[in-house]
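Okay, so here's the structure we're looking at.
All of these numbers come straight from a predicted model, not from anything done at the bench. We name chains A, B, ... by the order of the sequence lines, and we start the count at 1 in each one. Any value given below was found using the heavy atoms of this structure, including those in side chains, with hydrogens, waters and symmetry copies removed.
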2 protein chains.
Amino acid sequence: MADIPLHRRIYEQLRKHISEGLYIEGSLLPSENELCSLHNATRPTIRKALDRLAVEGFITRQQGKGSIVKGAPKGVGILSITGTTLAIGSEKLDTKTIVKPEIRSWKKAFSFELTELEKEVGCIYFERLRLVNGKPVFFDITMIPNINLPRFVSRNHEIPSLFNMLREQYNIEVKGGEQKIMAVNANKTIQNHFQLKPDAPVIQLDRKIITSKPGFCFYSQVFCNAQEYALYGTF
Amino acid sequence: MADIPLHRRIYEQLRKHISEGLYIEGSLLPSENELCSLHNATRPTIRKALDRLAVEGFITRQQGKGSIVKGAPKGVGILSITGTTLAIGSEKLDTKTIVKPEIRSWKKAFSFELTELEKEVGCIYFERLRLVNGKPVFFDITMIPNINLPRFVSRNHEIPSLFNMLREQYNIEVKGGEQKIMAVNANKTIQNHFQLKPDAPVIQLDRKIITSKPGFCFYSQVFCNAQEYALYGTF
DNA sequence: ACACTTTACTTGTATATACAAGTTGTTCAG
DNA sequence: CTGAACAACTTGTATATACAAGTAAAGTGT
């Protein structure tokens, strides 16, 4: 078996099935006991997977009735742990690299402070424009500490999905993060990318992303053209 | 005992203690086993409380070491389940009623659709301005279906904390919800309340809030002066 | 003094079990 | 036919237990 915990594998499989429409919106998921048999697990394990699906808005649960499928969250689930690629779905998402990955020095990561080690090693910097159904919706700047990422810059000129890339090439899993959300007026650069009028409001997200590699975080600043796509979240 | 589950009571007590600074930021929480003794509970119960604290960013956990106190989330944790009052802390938060609760008819609740029943009964409508440290930061419009809330309008001319009021007067607990997040330019009303220039960007949240009472949801639209206070969340 | 092992902690995962509480359909008396 | 009671489900809560895996400090041998 993989070393990915059982409850996480079950969560991911169920989420995939819901996203793909295998379970119809509004219908009921198999009961917890049925899922136990299906996955050879016990209820607490199944419930841990369902808890997470509920937190992320894929299902709601009703005592006495069952787990009601709500489908993949509408709008953009970018506020959750998933990266942009997963939140939007790669078939709808195009990525255009504005600034290719390069080594830079840094003293701060947007509104987040850095450790001394992070400052010393510098960062890998790149900018991407993300298009949903052909329309530019996200512009994101990413800064990754230049630690133990051999051949990152030379190997990756285009990065369609950072989360997948880190997992596949470096075995680094994203665990979570924190973010600040602001409303700002689009600057010239953003106006150009999103084709907006001056003073158009956009959402700015400053994110610190925590990984499975202890002490290894990376940072991104995302501007969202939230006139077309509202960000969406559950709580 | 109250009918509030044990894991929830433990969660709330720990959160309170962390918020109040009883546990110092960066230090370790008592170990899970110690918490078991303290609260006369077993580890799965304690862990359920800690899971939630971790999701909401009050603690992080490290295997082999312990639960590290991160303190109350900086900025405004309004994206989580807590109401504004709890997210900000009532000592800092003032509430000014702009439109007192009154019965209105409705066909939609902001961007959310209503059921036929909800449309028929109409809603209780009110507007409030929330001031943090004396400065206006939130303007919220609330719409509550007029179902089984006797004497709501006559009894509550001022509503400093809606979540508390529903719990105390009607035994209704907030379970969660969903929200859409947008960036918009402040309209005249908002400009006045927040004392902003024309075209200043603000964050707009459309929220549907789900309660412990089956089928009973309420809705609010919140405008945030996010120039002063960034919204904050973990994922 | 240094490096290695051991030991005693910590959290992470998973099972097995029990009962409470809410929903829904069926059965049965009137 | 109607309505109340019941049975068979569902999820919610909680206990008790076991072992795995990571951390850190104490002990050990060189």
Side-chain angles (χ1 to χ4, degrees), chain A residues 1-14 23 26-55 58-70 171 173 175-176 210-216, chain B residues 1-14 23 26-55 58-70 171-176 210-216:
Chain A
M1 286 288 177
D3 61 346
I4 296 172
L6 181 56
H7 64 82
R8 200 168 193 284
R9 293 205 304 274
I10 295 171
Y11 153 80
E12 284 178 354
Q13 186 183 326
L14 286 171
Y23 295 115
S27 68
L28 293 179
L29 229 53
S31 78
E32 294 177 359
N33 283 320
E34 287 172 316
L35 290 172
C36 288
S37 314
L38 282 171
H39 294 91
N40 283 311
T42 52
R43 263 191 79 207
T45 305
I46 294 294
R47 281 184 65 79
K48 190 152 187 180
L50 294 179
D51 281 345
R52 187 161 165 193
L53 289 171
V55 164
F58 288 91
I59 62 172
T60 59
R61 288 146 107 189
Q62 194 178 340
Q63 190 177 138
K65 199 171 180 185
S67 298
I68 303 155
V69 178
K70 288 191 69 182
N171 200 29
E173 285 275 348
K175 272 180 68 178
I210 296 163
T211 70
S212 57
K213 196 183 173 86
F216 183 76
Chain B
M1 285 291 173
D3 61 347
I4 296 172
L6 181 56
H7 64 82
R8 200 168 193 286
R9 292 205 304 274
I10 296 170
Y11 153 79
E12 284 179 354
Q13 185 183 326
L14 286 170
Y23 296 114
S27 67
L28 293 179
L29 229 51
S31 77
E32 294 178 359
N33 283 321
E34 286 172 317
L35 290 172
C36 289
S37 314
L38 282 170
H39 293 92
N40 284 310
T42 53
R43 262 190 81 206
T45 307
I46 295 293
R47 282 184 65 78
K48 188 151 188 180
L50 294 179
D51 281 345
R52 188 160 163 193
L53 288 171
V55 164
F58 288 90
I59 62 172
T60 58
R61 288 146 108 191
Q62 194 177 340
Q63 191 176 142
K65 199 172 181 186
S67 299
I68 302 153
V69 178
K70 288 192 71 182
N171 200 31
I172 294 174
E173 286 275 346
V174 170
K175 274 180 67 179
I210 295 162
T211 69
S212 56
K213 195 185 173 86
F216 183 76

Whole-Å distance between [N] [atom2] and [X] [atom1]?
| X | N | atom1 | atom2 | answer |
| --- | --- | --- | --- | --- |
| I4(B) | dA21(C) | CD1 | P | 15 Å |
| L35(B) | dT15(D) | CG | P | 14 Å |
| L6(B) | dA21(C) | CG | C1' | 17 Å |
| L50(B) | dT13(C) | CG | P | 14 Å |
| H7(B) | dT15(D) | NE2 | P | 11 Å |
| R8(B) | dA14(D) | CZ | P | 12 Å |
| I68(B) | dG22(D) | CD1 | P | 16 Å |
| R61(B) | dT23(D) | CZ | P | 16 Å |

At less than 4.0 Å, is any side-chain N or O atom of K48(A) found next to OP1 or OP2 of dA14(C)? Yes or no. no

For nucleotides 7-10 of chain D, tabulate all protein N/O to nucleotide N/O atom pairs closer than 3.5 Å, reporting atom names and distance.
{"from": "dT10(D)", "atom 1": "OP1", "to": "S31(A)", "atom 2": "OG", "distance (Å)": "3.0"}
{"from": "dT10(D)", "atom 1": "O2", "to": "G64(A)", "atom 2": "N", "distance (Å)": "3.2"}

Say you draw a straight line from [atom1] of [X] to [atom2] of [Y]; how long is it, rounded to the nearest 0.5 Å?
| X | Y | atom1 | atom2 | result |
| --- | --- | --- | --- | --- |
| F58(A) | Y23(A) | CZ | OH | 14.0 Å |
| L28(B) | I68(B) | CG | CD1 | 6.0 Å |
| E32(A) | L35(A) | CD | CG | 7.5 Å |
| K48(B) | L6(B) | NZ | CG | 11.0 Å |
| R52(A) | E12(A) | CZ | CD | 7.0 Å |

Please determine whether side-chain contact (heavy atoms from CB on, under 4.5 Å) holds for the pair I10(A) and L38(A), giving the CA-CA distance in whole Å, both sets of side-chain angles, and the decisive distance to 0.1 Å. CA-CA 10 Å; I10(A) 295 171; L38(A) 282 171; over 6 Å; no

By side chain to side chain donor-acceptor pair (under 3.5 Å) - contacts of Q13(B) (at least two apart): none

Using the rule given for side-chain contact (heavy atoms from CB on, under 4.5 Å), can you reason through I59(A) versus L14(A), listing the C-alpha separation, both sets of side-chain angles and the distance that settles it, and then say yes or no? CA-CA 10 Å; I59(A) 62 172; L14(A) 286 171; over 6 Å; no

Please confirm whether the backbone N or O of I4(A) pairs with a side-chain atom of R9(A), one donor and one acceptor, at under 3.5 Å? yes

Of residues 38-47 of chain A, the positions that come close to DNA chain C - non-hydrogen atoms, cut-off under 4.0 Å: N40(A), A41(A), T42(A), R43(A), P44(A), T45(A)

